[in-house]
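Reckoned from all heavy atoms, side chains included, excluding hydrogens, waters and symmetry mates. Starting from 1, each residue takes its place in the sequence as its number. We count ligands from 1, going down the list as the structure has it; atoms in each ligand are counted the same way.
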Amino acid sequence: MIIAIDGPAGSGKSTVAKLVAKKLNYRYIDTGAMYRSVAWVAQKNGLNLADEIAMAKIAENLKIEFIPNANGQTVLVDGENATTDLKNEVVGKGAATVAAQESVRELLVARQRQIGETGNVVMDGRDIGTVVFPQSDKKFFFVADAEERGRRRYEELKSKNPELDLKIIIEEIRQRDYEDCNRKISPLVKAEDALEVDTTRLSIEEVTDQVLKNINNPT
Ligand code: DC
């Protein structure tokens, strides 16, 4: 069983995907963390993220491990705990750059398919239901207003950075949407057979329930 959850930044997909995976006792695979890992390694090594050949080399050699824990999961990149660093906005911006590179996508999509073939996974991203696993058993597409998504991101990050400006965060969310939806390869788009869930006014629990209900009792 493969459950695909796609949607824009801040739509709640990773939080819900984690909870759904826990409930079903499936593996949760955060494909955004894979693109973020490539950017993180490149930035740490002072490489130019526009250098597609160098980025593909990182994607090819990257060792990435998802280890479930009580709060979700730990992400090990080449054996190093990168969980907190990967959430960083600078890494997120870098991830959008490398995610637009064809060779990086090819390499990471191949890995995602390999993982999915082992079965019983909840995978979240931008192109899971359209490109990675168009034959997924269940597809969801989360959406939410940009203001609400910005507010969620702000709440998540403000404890680490009290200087944060909500208006700037919302602007960044809009910019990320633009990049994700307008890139040439695998742009963010809803699969025809995906169930759209607008999470703007729903709690995490409500969205999780809706997803689980649909998996158990498809209509
Ligand atoms: O979901 P996220 O913010 O962690 O994703 C980081 C970047 O990677 C974002 O710009 C979208 C991109 N991405 C993608 O293109 N395809 C995926 N399957 C997952 C993420």
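- Every atom of ligand 1 with a heavy atom of Ala96 under 4.0 Å away is listed here by number and element: 10 (O).
- Considering CG of Asn69 and OG1 of Thr74, their distance stands at 4.0 Å, rounded to 0.5 Å.
- Nearest protein heavy-atom neighbour of atom 3 (O) of ligand 1: Arg36 NH2, 2.8 Å.
- Ranked by closest heavy atom to atom 16 (N) of ligand 1, the top entry among Met34, Lys87, Glu89, Arg105 is Arg105.
- Which parts of ligand 1 touch Asp127 is read off a 4.0 Å heavy-atom cut-off, strictly below it: atoms 16 (N), 17 (C), 18 (N).
- With hydrogens and angles left out, the side-chain atoms of Arg152 and Thr15 include no donor and acceptor closer than 3.5 Å.
- With respect to atom 12 (C) of ligand 1, the closest heavy atom belonging to the protein is Ala99 CB, 3.7 Å.
- Between Leu108 and Ala59, the shortest heavy-atom contact is CD2-CB, 4.2 Å.
- The contact set between ligand 1 and Lys13, taken as ligand atoms under 4.0 Å from a residue heavy atom, comprises 1 (O).
- Close approach to Asp180 involves these atoms of ligand 1, each under 4.0 Å from a residue heavy atom: 9 (C), 10 (O), 11 (C).
- Remark: ligand 1 atoms within the under-4.0 Å shell around heavy atoms of Thr31 are 17 (C), 18 (N), 19 (C).
- For ligand 1, the atoms closer than 4.0 angstrom to any heavy atom of Ala95 are 6 (C), 7 (C).
- In this structure, Met34 is a member of the same hydrophobic cluster as Val104, with clusters built from ILVMFWY side-chain heavy atoms closer than 4.5 Å.
- Atoms of ligand 1 lying under 4.0 Å from any heavy atom of Arg183, numbered from 1 in the order shown and given with element: 14 (C), 15 (O).
- Contacts between Ala9 and ligand 1 below 4.0 angstrom, taking non-hydrogen atoms only, are absent altogether.
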Return all side-chain donor-acceptor pairs below 3.5 angstrom for residues 127-136, not counting sequence neighbours, or 'none' if the list is empty.
{"residue": "Asp127", "atom": "OD2", "partner": "Arg105", "partner atom": "NH2", "Å": "2.8"}
{"residue": "Thr130", "atom": "OG1", "partner": "Asp127", "partner atom": "O", "Å": "3.4"}
{"residue": "Ser136", "atom": "OG", "partner": "Phe133", "partner atom": "O", "Å": "2.5"}

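- Of the protein's heavy atoms, Arg126 NH1, 2.8 Å lies nearest to atom 1 (O) of ligand 1.
- The side-chain contact (heavy atoms from CB on, under 4.5 Å) with Met1 is formed by just one residue from the set Ile215, Val121, Leu24; it is Ile215.
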Show me, pair by pair, the donor-acceptor contacts under 3.5 angstrom made by side chains of residues 183-194, not counting sequence neighbours?
{"residue": "Arg183", "atom": "NE", "partner": "Ile185", "partner atom": "O", "Å": "2.9"}
{"residue": "Arg183", "atom": "NE", "partner": "Ser186", "partner atom": "O", "Å": "3.1"}
{"residue": "Arg183", "atom": "NH2", "partner": "Ser186", "partner atom": "O", "Å": "2.8"}
{"residue": "Lys190", "atom": "NZ", "partner": "Ala194", "partner atom": "O", "Å": "3.1"}
{"residue": "Asp193", "atom": "OD1", "partner": "Lys139", "partner atom": "NZ", "Å": "3.0"}
{"residue": "Asp193", "atom": "OD2", "partner": "Lys139", "partner atom": "NZ", "Å": "3.3"}

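- Only side-chain heavy atoms of Arg176 come within less than 4.0 Å of ligand 1; its backbone N, CA, C and O stay farther off.
- When all heavy atoms of Asp177 and Pro8 are compared, the closest pair comes out as OD1-CB, 3.6 Å.
- Residue-environment remark: CG (Asn182) exceeds the threshold of 12 foreign heavy atoms within 6.0 Å.
- Scanning all protein heavy atoms for the shortest distance to atom 8 (O) of ligand 1 gives Tyr35 CB, 3.7 Å.
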